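A quick write-up on the structure given underneath.
Atoms within each ligand, like the ligands themselves, are counted from 1 in listed order. Count residues from 1 along the sequence. The shown structure was predicted, so the numbers you read here are calculated from the model rather than taken from an experiment.
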Amino acid sequence: MTETKFSVLCSLFTWMQRSKSSAKKSSKFRKFLDTFCHSGHYFSAIRLLLPSLDRERGTYGLKESVLATCLIDALGMSRDSHDALRLVNWRKGGAQTGANAGNFSLVAAEVLQRRQGMASGGLTIKDVNDLLDRLASAENRAEKTSVLSTLINKTNAQEMKWIIMIILKDLKLGISEKSIFHEFHPDAEDLFNVTCDLKLVCEKLRDRSQRHKRQDIEVGKAVRPQLAMRVANAAGAWKKLHGKEVVVECKFDGDRIQIHKNGTEIHFFSRNFLDHSEYGHGMSDIIIQNVLADRCILDGEMLVWDTSLNRFAEFGSNQEIAKAAKDGLDSDRQLCYIAFDILYVGDTSVIHQSLKERHELLRKVLKPLKGRLEILVPNGDLGLNSHCPSGEPCWSHIAHNVDDVERFFKETVENRDEGIVLKDLGSKWEPSDRSGKWLKLKPDYIRAGSDLDVLIIGGYYGSGRRGGEVAQFLVGLAERPAPNTYPRRFLSFCRVGTGLSDEELDAVATKLKPFFRKYEYPRKPPPSFYQVTNNSKERPDVWVDSPEKSIILSITSDIRTIRSEVFAAPYSLRFPRIDRVRYDKPWHECLDVQSFVELVHSSNGT
Ligand code: ATP
């Protein structure tokens with residue numbers, strides 16, 4: 001049998017992308033499978049169709065920005081050529097990137113079209129997989145660039161565009177993974193959900209007419225997690241769980257991690273079934289000692305516990321703390337795993353048991369260790385007390401009525417937690433299910449349309465192209481001034497750099513340049529009109545030495561506020577973005593801290 005050409009697969013992709021009907025997309029896919037994939041060759045094609053589910057090769061380490069640089073080098077372009085800038089600035093609109101702004105593969109396809117021929121390079125699907133294997137195992141940028149250059153030499157622009165989309169793991173074909181699985185084999189999705197192993201699915205289910213016995217979960221193979229359905233308010237949640245026995249739990253803001261223990265072999269699988277072995281340094285020994293079953297799967301959240309503050313650290317420090325543990329660095333912060341479910345004990349899967357029974361198993365199997373390994377099981381009736389006898393907050397309660405839910409929700413909001421999760425205690429745990437056995441109630445959206453007008457108080461130098469130039473800003477909120485006076489002090493609030501075009505950013509930096517003063521840390525303190533913390537993440541390279549000369553930026557944050565330890569204001573923004581520069585607004589109309597805190601509180605629960 002001759003090997004199927006990659007160009008055939010590209011034609012399928014192009015056809016699917018253009019077609020509007022999902023039934024037609026599915027039947028075309030079927031035709032492709034029947035005509036071109038003879039037994040045993042399904043995986044090599046399907047892994048290219050569902051690249052985000054393929055775990056057989058490692059990660060490429062090529063997000064758009066690095067990929068842009070590698071492609072520029074692979075194509076032998078000068079870094080400041082027009083096309084190179086198009087690739088680097090793929091996200092930005094305007095003359096440089098044109099209509100394709102925001103879609104890296106389309107911008108790349110345009111650039112490639114001018115450099116590659118029309119004729120197919122003749123690669124087979126196997127050739128492409130081999131080259132992608134080489135790309136994933138290449139150890140540095142130069143090696144990656146060399147593999148990309150081979151790919152470019154052996155493909156045309158269309159083929160290379162699809163390869164780029166495969167590398168970025170998003171083909172935008174307008175067909176769900178569910179439909180693809182279903183068309184391949186009626187049991188494919190179920191089998192994938194309990195194994196997260198695409199190769200195994202493709203190999204085991206070659207014969208579409210042969211049904212596969214439902215498989216249970218196994219220690220060592222990631223399972224797709226049970227998910228929560230979003231509800232708008234406590235009343236809605238209560239109605240949905242009508243008549244059920246309900247537990248309400250704090251929704252922790254960390255990494256969803258499944259811990260698989262098989263004797264001394266421990267895996268930490270993320271939601272996307274990647275094995276986060278970096279968590280092993282801080283956690284494996286604890287799991288080996290404190291999980292009393294030899295074989296076990298725990299479901300829970302990985303967070304960072306701050307031993308000096310006696311509370312969880314803000315979201316986002318897991319990787320840093322895992323690395324510190326690896327390097328043996330001393331820190332007040334440590335990884336802490338909160339097990340909220342158990343899926344497997346000894347030789348048996350327990351997902352078919354009720355949550356109540358699984359909680360009992362968790363209690364038996366897991367020996368908690370304060371600030372390192374905790375169990376989330378109900379700790380008392382809400383009606384009686386929302387704190388444990390020790391006075392510490394309880395994170396899990398049985399709720400008897402909607403008022404209990406409301407009260408717990410309010411408490412978590414006040415505590416600035418992410419929200420709550422309600423669970424039916426009689427329910428089993430089902431892979432990839434979001435049908436409403438678990439409900440989530442979250443408070444945390446800044447009201448749409450409320451841009452925040454903040455003042456630039458400092459700047460950070462960029463790297464690479466923007467080396468030596470201010471590329472990000474430290475922005476501040478005003479301390480509320482007395483009526484009819486201007487603010488005198490500003491609290492550092494967040495660091496922001498994205499959202500503006502290069503030209504806009506340059507214009508702001510140039511306007512402020514005469515007022516930038518280098519921050520000679522630690523020789524000189526920050527200017528007295530700024531209130532800042534001593535956190536190194538906050539420390540700007542330059543200060544704006546007079547707020548009256550500074551500029552207001554409108555920033556938005558589409559996600560949420562976080563309690564801030566890095567900045568002087570009590571809350572900061574997660575993923576802030578500059579919306580526009582407010583040259584029209586005088587410096588003293590900067591938002592004040594009190595108004596911002598009110599805004600945060602009034603957004604809660606809506
Ligand atoms: P979100 O962005 O809201 O976390 P999501 O799509 O990642 O949503 P969902 O299934 O919708 O995931 O919400 C449940 C998520 O909440 C879990 O994946 C888990 O990471 C997190 N979580 C935190 N605390 C709990 C808890 N007590 N029980 C279940 N999930 C929890």
Checking the N or O distance criterion of under 3.5 Å, is ligand 1 in contact with [X]?
{"X": "Lys423", "answer": "yes"}
{"X": "Arg256", "answer": "yes"}
{"X": "Cys250", "answer": "yes"}
{"X": "Leu227", "answer": "no"}

Lys364 atom NZ, over 12 foreign heavy atoms within 6.0 Å: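 Not more than 12 within 6.0 Å, no.
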Residues Lys423, Glu249: salt bridge by 4.0 Å N-O rule: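 Yes, this pair counts.
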Provide the number and element of each atom of ligand 1 under 4.0 Å from a heavy atom of [X].
{"X": "Arg434", "answer": "6 (O), 9 (P), 10 (O), 11 (O)"}
{"X": "Glu249", "answer": "26 (C), 27 (N), 28 (N)"}
{"X": "Trp438", "answer": "29 (C)"}
{"X": "Leu376", "answer": "27 (N)"}
{"X": "Lys440", "answer": "1 (P), 3 (O), 5 (P), 6 (O), 8 (O), 9 (P), 11 (O), 13 (O)"}

Contact with ligand 1 for Gly419, non-hydrogen, under 4.0 angstrom: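 No; Gly419 lies far enough from ligand 1 that no heavy-atom distance drops under 4.0 Å.
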Any Lys442 heavy atom less than 4.0 Å to ligand 1: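 It does; at least one heavy atom falls under 4.0 Å.
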Separation between NZ of Lys213 and CG of Leu191, rounded to the nearest 0.5 Å: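 The NZ atom of Lys213 sits 12.0 Å away from the CG atom of Leu191.
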Options Ser270, Ser396, Pro225, Ala228, ranked by nearest heavy atom to atom 10 (O) of ligand 1, top entry: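 Closest candidate by heavy-atom distance is Ala228.
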Aromatic ring pairing Phe104/Trp90, orientation class (parallel under 30°, perpendicular over 60°, tilted between):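 Rings of Phe104 and Trp90: perpendicular, as their planes differ by over 60°.
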